[in-house]
Amino acid sequence: MKIPPFSELFSPFPSVVRRPAAWELPVTLLRASILEMAILAGHLVLYPVGIANERPAPDLPPEAAALPTEGRSKRPVLLLHGFVDNRSVFVLLRRSLARHGWRHLESLNFSPLTSDIRLAAEVLGRRIEEVCARTGHREVDIVGHSLGGLIARYYVQRLGGDVRVRTLVTMGTPHAGTGAIPFASAHPVVRQMRPGSDLIEELREPAPGCRTRFVSFWSDLDQVMSPVEGARIEHPDLDTQNVGVTGIGHLALPVHPAVAAGIRYVLEHDDSDGLAELIEWAEWAGSAAESAGDQADGAISVA
């Protein structure tokens, strides 16, 4: 299916996601729900593949690790999954990044028994140090879906991770908390993701001098976010950019071609001035064929 040119999808001017007209809403919701169910079915098939942690690449020899890497290769990218998920959620995004030149792509599985986002952030910090030592890079980029984005933000903002993380991209992350799925509050990590929790309030505290750039992709049909705007990053001390996606749900964010194209652009460029000039077509990452018939609908605005 054909999508609009990215010159229409991305705007360099502050904007909000266009809400569907009243007559469009039932069709939009139906399409998004069908897509979510299809993605969920596919993810359930892939889930067992991602349960085990991936093997890290071999260490560089000491002389190679000491060589400068800036300008020679892209920064390593760490992919962080959401609640009760695993690295299999990034199969399509990872393939998209690999096709476009990223060599150092790593996923970190968090145990479903994890009971504290702060402890998970410490684990992330140790993994990042390992990645930097192994690849010779001084900095990494992070892409986090849902809970994964919140873990990464805590590491960057509260544990000094801005020294290591150049860009943090989040998708459907409850930066302001979420009130969805009330019965899930029995889990301590879910309680930390509720609006007004100690952790959410801690992330509202001043963060002067934080060097990391934050880019948040949020969707107007994200069923896991309540309210949906809670996936936006609003903090006076942080370098933030919120990218609104319309017409797709929570599970579609890591696999949608328009989002993948936006993430690739963000990771390659240190500013957003060129978003309006992004490539006209987004490849559907799940397709084995690179043809116009494999492209999908999507709409994005930058705020």
Side-chain angles (χ1 to χ4, degrees), residues 14-17 19 29 32-33 36 80-85 89 110 112-124 142-159 161-162 165 168-208 210 212-254 259 301-303:
S15 60
V16 296
V17 174
R19 301 289 184 180
L29 287 173
S33 298
E36 286 286 282
L80 307 181
H81 62 78
F83 182 63
V84 297
D85 208 343
V89 73
F110 293 103
L113 301 179
T114 299
S115 60
D116 191 340
I117 289 174
R118 298 176 179 89
L119 294 179
E122 293 177 4
V123 172
L124 171 62
I142 298 178
V143 177
H145 180 229
S146 196
L147 170 63
L150 202 61
I151 293 172
R153 180 180 172 187
Y154 191 90
Y155 164 70
V156 167
Q157 192 176 328
R158 305 299 298 173
L159 301 182
D162 60 319
V165 180
L168 169 57
V169 179
T170 67
M171 299 175 287
T173 291
H175 292 288
T178 176
I181 320 177
F183 65 85
S185 292
H187 197 291
V189 165
V190 175
R191 291 198 295 273
Q192 289 184 318
M193 293 190 286
R194 295 304 189 197
S197 72
D198 290 345
L199 185 131
I200 295 297
E201 292 304 311
E202 186 178 350
L203 290 175
R204 296 184 190 277
E205 294 179 7
C210 184
T212 298
R213 179 176 61 139
F214 297 81
V215 180
S216 172
F217 286 81
W218 65 284
S219 172
D220 63 338
L221 295 182
D222 190 334
Q223 306 93 329
V224 177
M225 290 301 308
S226 178
V228 294
E229 293 83 3
R232 294 167 55 93
I233 303 178
E234 307 289 353
H235 195 295
D237 294 334
L238 302 181
D239 177 7
T240 65
Q241 181 180 17
N242 294 295
V243 183
V245 185
T246 185
I248 64 174
H250 189 75
L251 297 178
L253 285 167
V259 177
S301 65
V302 178

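Index from 1, following the sequence.
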Are Val189 and Leu147 close enough, and set up right, to give a side chain to side chain contact (heavy atoms under 4.5 Å, CB included), and what steps lead you there? CA-CA 9 Å; Val189 165; Leu147 170 63; 3.8 Å; yes
Strictly under 6.0 Å, is that where the ring centroids of His235 and Phe214 end up? no
For the side chain of Ser216 and the backbone of Thr240, is there at least one donor-acceptor N/O pair under 3.5 Å apart? no
Tell me, with the steps shown, if Leu253 and Trp218 meet side chain to side chain contact (heavy atoms under 4.5 Å, CB included). CA-CA 8 Å; Leu253 285 167; Trp218 65 284; over 6 Å; no
So CD1 of Ile142 and OG1 of Thr170: to nearest 0.5 Å the spacing works out to 11.0 Å
Is it true that Asp198 and Gln192 share a donor-acceptor pair across their side chains at a distance under 3.5 Å? no
If you measure from CD on Glu205 to CG on Asp237, what distance do you get to the nearest 0.5 Å? 11.0 Å
Does the pair His81 and His145 meet the rule for a side chain to side chain contact (heavy atoms under 4.5 Å, CB included), with working shown? CA-CA 5 Å; His81 62 78; His145 180 229; 5.8 Å; no
Check: Arg153 side chain, Leu203 main-chain N or O, donor-acceptor pair, under 3.5 Å: yes
Strictly distance-based, threshold 3.5 Å: is any side-chain N or O of Arg191 a donor or acceptor partner for the main-chain N or O of Ser185? yes
Restricting to side-chain contact (heavy atoms from CB on, under 4.5 Å), what partner residues turn up for Pro182, sequence neighbours left out? none
Is the backbone of Ile233 close enough, under 3.5 Å, to the side chain of Asn242 for a donor and an acceptor to pair up by distance? yes
In Å, rounded to the nearest 0.5 Å, how long is the span from OG1 of Thr173 to CG of Leu150? 6.5 Å
Could you list the residues that satisfy side-chain contact (heavy atoms from CB on, under 4.5 Å) with Ser146, not counting sequence neighbours? His250
Rounded distance [0.5 Å steps], CZ in Arg158 versus CD in Glu122: 13.0 Å
Assess, by modelled atom type and distance only, whether the side chains of His175 and Arg232 contain a donor and an acceptor separated by less than 3.5 Å. no
Before you tell me yes or no, could you show the steps for Val245 and Asp222 under side chain to side chain contact (heavy atoms under 4.5 Å, CB included), namely the whole-Å CA-CA distance, both residues' side-chain angles and the distance that decides it to 0.1 Å? CA-CA 10 Å; Val245 185; Asp222 190 334; over 6 Å; no
Would you say Ser219's side chain and Ile248's backbone share a donor-acceptor pair under 3.5 angstrom? yes
Interatomic distance, CZ@Phe110 vs CG@Leu119, rounded to 0.5 Å, equals 11.5 Å
Determine yes or no for a side-chain-to-main-chain donor-acceptor pair under 3.5 angstrom, with Thr178 supplying the side chain and Ser226 the backbone. yes
Looking at Arg118 and Glu202, does any basic side-chain N land under 4.0 Å from a carboxylate oxygen? yes
Euclidean distance, Thr212 OG1 relative to Leu168 CG, rounded to 0.5 Å: 7.0 Å
Hey, does the side chain of Asp220 reach the backbone of Gly247 with a donor-acceptor pair shorter than 3.5 angstrom? yes
Residues in ring pair (Phe, Tyr, Trp, His ring centres under 6.0 Å) contact with Tyr154, at least two apart in sequence or another chain: none
